[in-house]
Enquirer: 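If you scroll down you'll find the structure; I have some questions about it.
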Amino acid sequence: MKITWLGHSSFRIEIADQILLIDPWLAGNPSFPDDRRAEAVSGATHILLTHGHGDHASEAAALSQELGIPVCGIHELATRLTADGIKAIGFGKGGTIALGEVRVTMVNAVHSSSIDFAGGAPECAGSEAGFMIAGEGHTIYVTGDTDVMADMALFADLHAPDIGILCCGGHYTMDIPRAAYAARKFFDFKTVIPCHYGTFPILAQSAQPLVDALPGVDVRTPKVLETVEI
């Protein structure tokens, strides 16, 4: 398995027979080098969206058309994309879709979701979500944008994720102390990869405090386009 951070909350995950782009925000992402775009998206099989905000979903339609791959996300957001001629797979929280040898279950998150990048007033984009991505004998918990929530105890019981991709930048999502609390309180992660930090001045600029707060956990803080192999 290969997990490549594309900056902010964007990831490329190569797992089993799939290459998944998670919340792929590349153009306009101050952390992402534009000249490496082709490398980031090459061979992708599906796009997964946690919610509709521009720093997660603004490039999904264009990438879907360019690469000829579907976008997977909550029903209302998928329906909106379908109306624009984009191939989309809509599902709901608690639902699981099979992507080849990979299983993706949508789980709850606590945030908000709107299409806020199309001009004019924001449009409702359903509800915010996270994903449990299972394959190769591992389960990855992609939190999406969220705060700590009691639901995480249920996620641990139901899915037992061993890899956590945790938002931690603060202001719009849980901050590093809260992300560390969630990891310690609810999960038994072997590997943690932080995200949603360092992109804008208002967010935490370093994830080192998360490393320090989780002794015994392999907390990886890759550079943008650096791959974590598991």
Enquirer: Looking only at atom types and distance, does a side-chain atom of Thr139 sit under 3.5 Å from a main-chain N or O of Ala134, one as donor and one as acceptor?
Expert: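 It does not hold such a pair.
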Enquirer: If I compare all heavy atoms of Ala78 with all of Gly90, which pair ends up nearest, and what's the gap?
Expert: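 For Ala78 and Gly90, the tightest heavy-atom pair comes out as CB-CA, 3.5 Å.
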Enquirer: Would you kindly confirm whether Phe91 and Leu99 end up in one hydrophobic cluster when ILVMFWY residues are joined by side chain heavy atoms under 4.5 Å apart?
Expert: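 As far as the 4.5 Å side-chain criterion goes, Leu99 and Phe91 are connected within one cluster.
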Enquirer: According to the interplanar angle, ranging from 0 to 90°, do the rings of Phe189 and Phe187 count as parallel (below 30°), tilted (30 to 60°) or perpendicular (above 60°)?
Expert: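 Taking Phe187 first and then Phe189, their aromatic rings lie parallel (interplane angle under 30°).
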Enquirer: Within a strict 4.5 Å, meaning less than it, do heavy atoms of the Asp147 and Arg178 side chains meet?
Expert: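 Result yes, sub-4.5 Å side-chain heavy-atom pair found.
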Enquirer: Nearest 0.5 angstrom please: Gln18 CD to Thr45 OG1, how far?
Expert: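 Nearest 0.5 Å value for the CD-OG1 distance: 3.5 Å.
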Enquirer: Do side-chain atoms of Thr4 reach the backbone of Glu226 as a donor and acceptor pair under 3.5 angstrom?
Expert: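 Pair absent, no side-chain N/O of Thr4 close to backbone of Glu226.
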Enquirer: If you take all heavy atoms of Ala40 and Leu6, which pair is closest and at what distance?
Expert: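 Ala40 and Leu6 have their closest heavy atoms at CB-CD2, 3.8 Å.
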Enquirer: Any idea which heavy atoms bring Ser64 and Ile47 closest together, and the distance?
Expert: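 Closest pair (atom of Ser64, atom of Ile47, distance): N-CD1, 3.7 Å.
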Enquirer: When hydrophobic residues are tied together by side-chain contacts of less than 4.5 Å, even through go-betweens, does Phe155 share a cluster with Ile140?
Expert: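 Unlinked, Phe155 and Ile140 end up in two clusters.
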Enquirer: Check the hydrophobic clustering (I, L, V, M, F, W, Y; side-chain heavy atoms under 4.5 Å; chains of links allowed) and say if Phe131 and Ile230 are grouped together.
Expert: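 Same cluster.
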Enquirer: Within the 4.5 Å heavy-atom criterion, are Ile22 and Ile133 side-chain neighbours or not?
Expert: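 Yes. Closest side-chain heavy atoms under 4.5 Å.
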Enquirer: Any donor and acceptor pair, going by atom type alone, linking the side chain of Arg12 with main-chain N or O of Ser42 inside 3.5 Å?
Expert: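 Checking the backbone N and O of Ser42 against the side chain of Arg12, a donor-acceptor pair under 3.5 Å is found.
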Enquirer: Which value, rounded to the nearest 0.5 Å, describes the distance between His138 atom NE2 and Ile15 atom CD1?
Expert: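 Interatomic distance, His138 NE2 to Ile15 CD1, rounded to 0.5 Å: 8.0 Å.
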Enquirer: If you measure only the distance, is there a donor-acceptor pair under 3.5 Å linking the side chains of His8 and Thr199?
Expert: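 A pair is found: one side chain offers a donor N or O, the other an acceptor, under 3.5 Å apart.
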Enquirer: Linking I/L/V/M/F/W/Y whenever their side-chain heavy atoms sit closer than 4.5 Å, directly or via other members, would Tyr181 and Val217 fall into one cluster?
Expert: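 The answer is yes; both residues are in one hydrophobic cluster.
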Enquirer: Measure up the His53 and His111 rings against each other and bin them: parallel (under 30°), tilted (30 to 60°), perpendicular (over 60°).
Expert: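 Perpendicular: the ring planes of His53 and His111 meet at over 60°.
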Enquirer: With sequence neighbours excluded, what pairs up with Gln65 under the side chain to side chain contact (heavy atoms under 4.5 Å, CB included) test?
Expert: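 With sequence neighbours excluded, Gln65 shows a side chain to side chain contact (heavy atoms under 4.5 Å, CB included) to Ile86, given in chain and number order.
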Enquirer: Would you say the side chain of Cys72 lies within less than 4.5 Å of the side chain of Val104, judging by non-hydrogen atoms?
Expert: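 SC-SC contact between Val104 and Cys72 ruled out.
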Enquirer: Show your reasoning for whether side chain to side chain contact (heavy atoms under 4.5 Å, CB included) applies to Phe32 and Ser10.
Expert: CA-CA 10 Å; Phe32 185 81; Ser10 304; over 6 Å; no
Enquirer: Could you work out, with salt bridge (Lys or Arg N to Asp or Glu O under 4.0 Å) as the rule, every residue matching Asp188, not counting sequence neighbours?
Expert: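 By the salt bridge (Lys or Arg N to Asp or Glu O under 4.0 Å) rule, Asp188 matches Lys190.
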Enquirer: Looking at side-chain heavy atoms only, is the closest gap between Leu158 and Thr105 below 4.5 Å?
Expert: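 No, too far: nothing below the 4.5 Å cut-off.
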Enquirer: Please step through side chain to side chain contact (heavy atoms under 4.5 Å, CB included) for the pair Asn108 and Leu154, ending with a clear verdict.
Expert: CA-CA 10 Å; Asn108 195 32; Leu154 302 177; over 6 Å; no
Enquirer: Are Val102 and Val71 co-members of a hydrophobic cluster defined by side-chain heavy atoms under 4.5 Å apart?
Expert: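 Yes: a chain of side-chain contacts under 4.5 Å links Val71 to Val102.
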Enquirer: Roughly how far apart are Ile165 CD1 and Arg220 CZ, rounded to 0.5 Å?
Expert: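 These two atoms lie 12.0 Å from each other.
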Enquirer: Which atom names give the shortest non-hydrogen contact between Ile74 and Ala125, and what distance separates them?
Expert: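 In this case the closest contact between Ile74 and Ala125 is CG2-O, 3.7 Å.
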Enquirer: Any chance you could measure Thr173, atom OG1, to Asp145, atom CG, to the nearest 0.5 Å?
Expert: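 Answer for the OG1-CG pair, Thr173 versus Asp145, is 6.0 Å.
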Enquirer: Which heavy-atom pair separates Pro222 from Ile193 by the least distance, and what is that distance?
Expert: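 Looking at all heavy atoms of both residues, the shortest contact is CD-CG2, 4.1 Å.
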Enquirer: Measure the spacing between CE of Met132 and NE2 of His159 and express it to the nearest 0.5 Å.
Expert: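 If I round to the nearest 0.5 Å, the distance is 5.0 Å.
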Enquirer: To check you understand the geometry: which heavy-atom pair defines the closest contact between Ala88 and Thr82, and what is its length?
Expert: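 Closest approach of Ala88 to Thr82, heavy atoms only: CB-OG1, 3.7 Å.
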Enquirer: Under the side chain to side chain contact (heavy atoms under 4.5 Å, CB included) rule, what do Val107 and Asp151 come out as? Steps first, then yes or no, please.
Expert: CA-CA 9 Å; Val107 297; Asp151 292 11; over 6 Å; no
Enquirer: Just wondering, more than 12 heavy atoms not from Phe117 lying within 6.0 Å of its CZ?
Expert: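 Yes, the 6.0 Å shell around CZ holds more than 12 heavy atoms from other groups.
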Enquirer: Would you say Ser9 and Trp25 make side-chain contact, with heavy atoms under 4.5 Å?
Expert: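 In short, these two side chains do not touch, never coming nearer than 4.5 Å.
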Enquirer: Any side-chain heavy-atom pair from Leu48 and Asp23 closer than 4.5 angstrom?
Expert: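 SC-SC contact between Leu48 and Asp23 ruled out.
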Enquirer: Rounded to the nearest 0.5 Å, what's the gap from OH on Tyr141 to CD1 on Ile163? Could you check?
Expert: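 Output value for this atom pair is 14.5 Å.
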Enquirer: Side chains of Ser127 and Ser113 only: does a donor on one sit below 3.5 Å from an acceptor on the other?
Expert: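 On atom types as modelled, these side chains do not qualify, holding no pair under 3.5 Å.
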Enquirer: Between His196 and Asp55, is any pair of side-chain heavy atoms under 4.5 Å apart?
Expert: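 Result yes, sub-4.5 Å side-chain heavy-atom pair found.
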Enquirer: What residues form a side chain to side chain contact (heavy atoms under 4.5 Å, CB included) with Ala213, not counting sequence neighbours?
Expert: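 Per chain and number, Ala213 pairs via side chain to side chain contact (heavy atoms under 4.5 Å, CB included) with Ala180, Arg184.
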Enquirer: Counting C-beta onward and ignoring hydrogens, is there a side-chain heavy-atom pair between Val224 and Asn29 closer than 4.5 Å?
Expert: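 No, every pair of side-chain atoms sits at 4.5 Å or beyond.
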Enquirer: Test side chain to side chain contact (heavy atoms under 4.5 Å, CB included) on Arg37 and Glu59; report intermediate values, then the result.
Expert: CA-CA 12 Å; Arg37 184 177 183 280; Glu59 275 197 276; 3.7 Å; yes
Enquirer: Quick check against the 3.5 Å criterion: does Glu229 have a side-chain atom that pairs as donor or acceptor with the backbone of Ile3?
Expert: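 Flag not set: sc Glu229 to bb Ile3 has no pair under 3.5 Å.
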